[in-house]
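Before any comments, here is the structure.
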Amino acid sequence: MISDSIPSSVGRVLVVGGGICGLAVAWRLAQAGADVAVFDAGEPGRGATWAAGGMLAATLEAEPGEEAMLGLARWSQDLWPRWAEALGAPVGYRDEGTVHLAVGRDELAALHHRLRYLRRLALPIEWWDAAPLREREPALSPDVLGAIASPGDHQVDPRAVVPALLAALSAAGVPVEAGAPVAAIEPEGGGWRVHLGDGRRERADHVVLAAGAWTGRISGWPAPPVHPAKGQAIVLETDPAAPLLRHVVWGAGIYLVPRADGRLYVGATVEDRGFDRQPTAGGVLSLLQAAWRILPGLEELPVVELVTGLRPRSRDDLPIVGPVGPGLHVATGHHRNGILLAPATAELVLAGILGRPAPVDDTPFRPARFAGRIESRMDA
Ligand code: GLY
């Protein structure tokens, strides 16, 4: 973590967007002594963050060609326990780990392929055959043939993280304004003028644009390409005294996240549907079919909620974090990893505001990678 405190010359920082990354940035800046405020278009923390599974799955999310992302994700994963403790309120942190399992020969072959890839990266994983797997998770289908176990891929409950962050911000004296959409920004006198939807104007020395999938809709800056990736999920209810699962469980096209209070989160689709947030029968069907194959006992469980959220997805699937120009910073594009990457994002934005080198190589995540292809909205 960056230990420097913010000099008073940094001035006033406005964070646009009160999802987990915006709130995390604001909290980190407040800890460093900044004068910071947050504006959220709706209810802070109630967008993609509220809909998220909360998996801190740096290892199992590793994808070929995205090794830079792995470094960032593992750093953020390491920051999470300290971060959770510093928040000073329960955030549903569970450290039983995650298993990625296979049903049928084809999935088993694909999983072995993945196992070899993760082993080449020297990631902390184990292989569990069917018998030890079912010993640890007896409710799994007898058709499950084996799993990659990732003991370091933990979870938090985003619906506990949000109130914890808001309480920490309130204790730090940071105003977080709900129902305050930002329509545009414009440079003014070495700083920025922030135009709110209700006609108000706010002056800032630094602006951090962290409005998730909506970040590119704010006018007056060269927005990098970010678009919504719809996710549908289902929340089921289990008896917390007799939970069906202990680990986070991944299968083909599905993951199951058991919460300590008995809720079982079944997620999630990844759909290109613009800003549509309507749950659909097709989405629910695909989730339940995939979940039922690995956990047949879920048939009997009450449905508590259908959840949809819009992940902010960049053109290259990597987060977009860092300075865009003097006093202007962006933190979006976290796609499937917003909860995981919140602590690292806060550190990167702090480094950018201080004009310090980032604690990790942040070159792949800088907005400048889209230079020349960005859509200039300075005149919009
Ligand atoms: N983190 C998994 C997802 O976005 O569905």
Side-chain angles (χ1 to χ4, degrees), residues 19-21 24 45-63 66 69-70 72-74 76-77 80 91-94 96-101 114 148 150 152-162 210 212-213 226-236 245 247-259 263-273 275-277 279-280 282-284 286-291 294 305-314 316-320 331-345:
I20 189 165
C21 287
R46 296 298 177 117
T49 302
W50 205 246
M55 296 183 297
L56 310 179
T59 293
L60 289 180
E61 288 278 5
E63 288 293 341
E66 290 184 6
M69 173 71 177
L70 179 63
L72 183 72
R74 295 199 77 199
S76 206
Q77 193 180 49
W80 249 108
V91 293
Y93 193 98
R94 292 190 65 176
E96 288 88 342
T98 302
V99 292
H100 184 178
L101 53 73
R114 191 146 176 78
I148 299 170
S150 177
D153 280 350
H154 300 161
Q155 62 150 308
V156 289
D157 181 355
R159 295 190 180 190
V161 175
V162 167
V226 62
H227 65 276
K230 178 180 177 181
Q232 301 188 52
I234 305 167
V235 182
L236 304 173
L245 295 174
H247 299 83
V248 176
V249 172
W250 290 26
I254 196 76
Y255 56 83
L256 305 163
V257 188
R259 308 280 190 223
R263 280 171 300 141
L264 180 64
Y265 180 101
V266 179
T269 64
V270 181
E271 303 168 65
D272 191 4
R273 306 261 181 224
F275 286 89
D276 166 48
R277 291 187 53 184
T280 62
V284 171
S286 69
L287 292 170
L288 288 180
Q289 270 177 337
I294 57 178
E305 191 181 348
L306 300 181
V307 181
T308 59
L310 300 176
R311 308 172 183 89
R313 185 173 194 174
S314 70
D316 60 9
D317 277 353
L318 295 178
I320 308 171
T332 186
H334 294 81
H335 190 31
R336 291 173 56 86
N337 292 302
I339 308 296
L340 169 64
L341 294 177
T345 299

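Numbers for residues simply follow the sequence, beginning at 1. Counting starts at 1 for both ligands and their atoms, following the listed order.
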Problem - Salt-bridge criterion met for R336 and E66 (N-O under 4.0 Å) - result: no
Problem - Residue part near ligand 1, for H335, under 4.0 Å between non-hydrogen atoms - result: neither
Practice task
Do me a favour and list the nearest non-hydrogen protein atom to atom 1 (N) of ligand 1 with residue, atom name and distance?
Solution key: R336 O, 2.6 Å
Handout entry: Residue pair W250 / A57: nearest heavy atoms and the distance that separates them
Key = CZ2-CB, 3.8 Å
Handout entry: side chain to side chain donor-acceptor pair (under 3.5 Å), paired with Q232, selected from E271, R277, R273
Key = E271
Practice task
For atom 4 (O) of ligand 1, grab the closest protein heavy atom and report residue, atom and distance to one decimal in Å.
Solution key: R311 NE, 2.8 Å
Problem - Residue pair D316 / M69, side-chain heavy-atom distance below 4.5 Å - result: no
Exercise for the section: Tell me which protein heavy atom sits closest to atom 2 (C) of ligand 1, plus the residue, atom name and distance to 0.1 Å. Expected result: Y255 OH, 3.3 Å
Completion exercise
For M55, the ligand 1 atoms with a heavy-atom partner under 4.0 Å come out as 1 (N), 2 (C)
Fill in the blank from the handout: V226 and T332 have their tightest heavy-atom pair at CG2-OG1, 3.8 Å
Practice task
Check each atom of ligand 1 against the heavy atoms of A268 and keep those under 4.0 Å away; list them by number with element.
Solution key: 5 (O)
